[in-house]
Amino acid sequence: MTRFLLRRTLSAVVLVLVLTAVVFVLQAVSPGDPVKAYLGANASPSAVAAERKTLGLDQPLPVQYLHYIVRALHGDLGISLRTHRPVASDLHDFLPATIELVLVAFVVAILLGCLYAVSGSLRWPGGAFFRGPLLVLATAPPFLLALGGIILFYAQLQVLPAAGRGADQSSPTGFLLVDSLLGGDVSEWAAAVQHLVLPAVILAIAPSISIGRILRSSLDTTLASDHVRTARAKGLTPLAVLGKHVVRNSLGPGLSMAGLQLGFMFAGVVVVEQVFSWPGIGNYLAASIPTSDFPAIAGVTLVLGIIYIVANAVVDVLQAVADPRLTP
């Protein structure tokens with residue numbers, strides 16, 4: 001297991017280095033001069049040349065890449081051309097809202113996926129009334145689901161808010177659920193939960209089906225295996241058979257799919273954040289693209305890529321712990 005952990009950590013580091021190289025090359029070959037965009041169209045040639053020298057942009061590309069890696073390790077991702085602030089500071093303000101939304105949505109997706117799989121494999125009475133609507137909702141585009149949710153739960157029933165987080169982002173950590181609980185502010189915590197419900201559920205529906213289908217297939221295979229039939233023949237209760245012989249042997253494919261879906265949820269959060277005016281990096285990225293703010297775009301891409309790589313590495317480790325036979 002130790003060798004597996006070392007190999008998996010090393011491969012994650014290599015992937016991060018490849019990602020930084022790709023982001024750097026895209027930034028270097030992007031059209032337009034970032035220095036002129038930062039100083040303004042009326043900047044003198046001498047001021048532009050001085051700024052290029054200050055930023056190290058007059059150096060060869062390999063040298064610039066090394067400087068880029070060193071600056072990134074120190075948390076320096078450049079200056080946003082749109083906000084004129086360090087990209088790292090912007091990400092510090094916007095990233096907690098996105099992480100909070102995606103993690104809550106991920107938990108919802110896991111719960112819905114497990115219900116989908118277990119109700120199908122164990123033939124729960126009435127389970128089709130849960131799986132059918134979930135399958136239909138998963139085929140709809142996220143923006144359409146979001147608009148439908150706003151019309152039903154905000155405009156018609158008036159039970160859920162349609163936009164924002166319920167409070168500003170001036171909380172100590174930016175995670176409103178945690179900060180309001182630690183501060184003992186129950187009303188703010190309840191408001192944060194209310195604002196999370198619609199965007200989190202909308203973001204979770206499609207991934208829950210992917211997780212549920214894989215997990216159901218794995219459960220069906222395990223339930224039909226010889227060792228499970230033997231356990232039943234010995235007189236074990238259905239609950240004991242599930243707990244001792246089915247669940248652990250079926251988790252591997254489900255965990256693998258859950259890791260993939262977590263990465264896709266971070267990548268797909270842009271649409272949901274825009275529809276619900278959620279103050280996260282999805283909205284930050286959407287505002288940066290029309291202004292060609294490439295330092296901001298590169299910073300968001302780098303952070304989301306690292307989150308995706310780390311999430312998959314953690315899932316691989318969990319998979320190996322759940323079933324050591326999968327460890328190469």
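In this chain, residues are counted from 1 in sequence order. Worth saying up front: this structure is predicted, and the values here are computed from it rather than measured.
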Point to revise | Contacts of Ser89 that satisfy side-chain hydrogen bond (donor to acceptor under 3.5 Å, both in side chains) - sequence neighbours left out | key: none
Review point. Taking only residues two or more places apart in sequence, or in another chain, which ones meet Arg85 in a side-chain hydrogen bond (donor to acceptor under 3.5 Å, both in side chains)?
Key: Asp90, Asp93
Find out if a path of hydrophobic residues (ILVMFWY) with successive side-chain heavy-atom gaps under 4.5 Å connects [X] to [Y].
{"X": "Val193", "Y": "Val186", "answer": "no"}
{"X": "Ile202", "Y": "Leu103", "answer": "yes"}
{"X": "Ile214", "Y": "Leu260", "answer": "no"}

Tabulate below the donor-acceptor pairs under 3.5 Å that side-chain atoms of residues 143-164 make, not counting sequence neighbours, or state none.
none

Exercise for review: Report, as yes or no, whether the 6.0 Å neighbourhood of atom NE2 on His92 holds more than 12 heavy atoms from other residues, nucleotides or ligands.
Suggested key: no
Point to revise | Worked verdict on Leu215 versus Tyr116 for side-chain contact (heavy atoms from CB on, under 4.5 Å) | key: CA-CA 9 Å; Leu215 190 56; Tyr116 179 92; over 6 Å; no
Practice item. Begin with the C-alpha distance, continue with both residues' side-chain angles, and end with the deciding distance and a verdict on side-chain contact (heavy atoms from CB on, under 4.5 Å) for Leu181 and Leu177. Key: CA-CA 6 Å; Leu181 273 183; Leu177 292 180; 5.8 Å; no
Of all heavy-atom pairs between [X] and [Y], which one has the smallest distance, and what is that distance?
{"X": "Leu176", "Y": "Glu100", "answer": "N-OE2, 3.0 Å"}
{"X": "Ala138", "Y": "Ala206", "answer": "CB-CA, 4.2 Å"}
{"X": "Leu134", "Y": "Ser208", "answer": "CD2-OG, 4.0 Å"}
{"X": "Arg213", "Y": "Leu135", "answer": "NH2-CD2, 3.3 Å"}
{"X": "Thr98", "Y": "Gly282", "answer": "OG1-N, 4.1 Å"}

Check your understanding: Which other residues end up in the same hydrophobic cluster as Leu10, if Ile, Leu, Val, Met, Phe, Trp and Tyr are linked when side-chain heavy atoms come under 4.5 Å apart?
Key ->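 Its cluster mates, by chain and number: none.
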Review point. Would you say the side chains of Ser187 and Asp185 form a donor-acceptor pair under 3.5 Å?
Key: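 The answer is yes; a qualifying pair exists.
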Review point. Under the ring-ring contact (aromatic ring centres under 6.0 Å, His included) test, which residues partner Tyr284, sequence neighbours left out?
Key: Phe94
Practice item. Output, in order, the C-alpha distance, side-chain angles, deciding distance and verdict of side-chain contact (heavy atoms from CB on, under 4.5 Å) for Arg71 and Leu77. Key: CA-CA 7 Å; Arg71 289 199 304 271; Leu77 298 175; over 6 Å; no
Let me confirm one number: the [atom1]-[atom2] distance from [X] to [Y], rounded to the nearest 0.5 Å.
{"X": "Tyr308", "Y": "Thr301", "atom1": "OH", "atom2": "OG1", "result": "15.0 Å"}
{"X": "Leu101", "Y": "His195", "atom1": "CG", "atom2": "NE2", "result": "13.0 Å"}
{"X": "Phe106", "Y": "Ile99", "atom1": "CZ", "atom2": "CD1", "result": "14.0 Å"}

Check your understanding: Mind checking what makes side chain to side chain contact (heavy atoms under 4.5 Å, CB included) contact with Ala311, not counting sequence neighbours?
Key ->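 Side chain to side chain contact (heavy atoms under 4.5 Å, CB included) check on Ala311 returns Leu262.
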Exercise for review: Can you spot which of Ile306, Val14, Leu304 makes a side chain to side chain contact (heavy atoms under 4.5 Å, CB included) with Leu19?
Suggested key: Ile306
Check your understanding: Under 3.5 Å, is there a donor-acceptor pair between the side chain of Arg229 and the main chain of Ala224?
Key ->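 Side chain of Arg229 to backbone of Ala224, a donor-acceptor pair under 3.5 Å: yes, one is there.
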Point to revise | side-chain contact (heavy atoms from CB on, under 4.5 Å) between Arg216 and Arg131, worked out | key: CA-CA 12 Å; Arg216 178 180 177 177; Arg131 296 193 303 276; 4.0 Å; yes
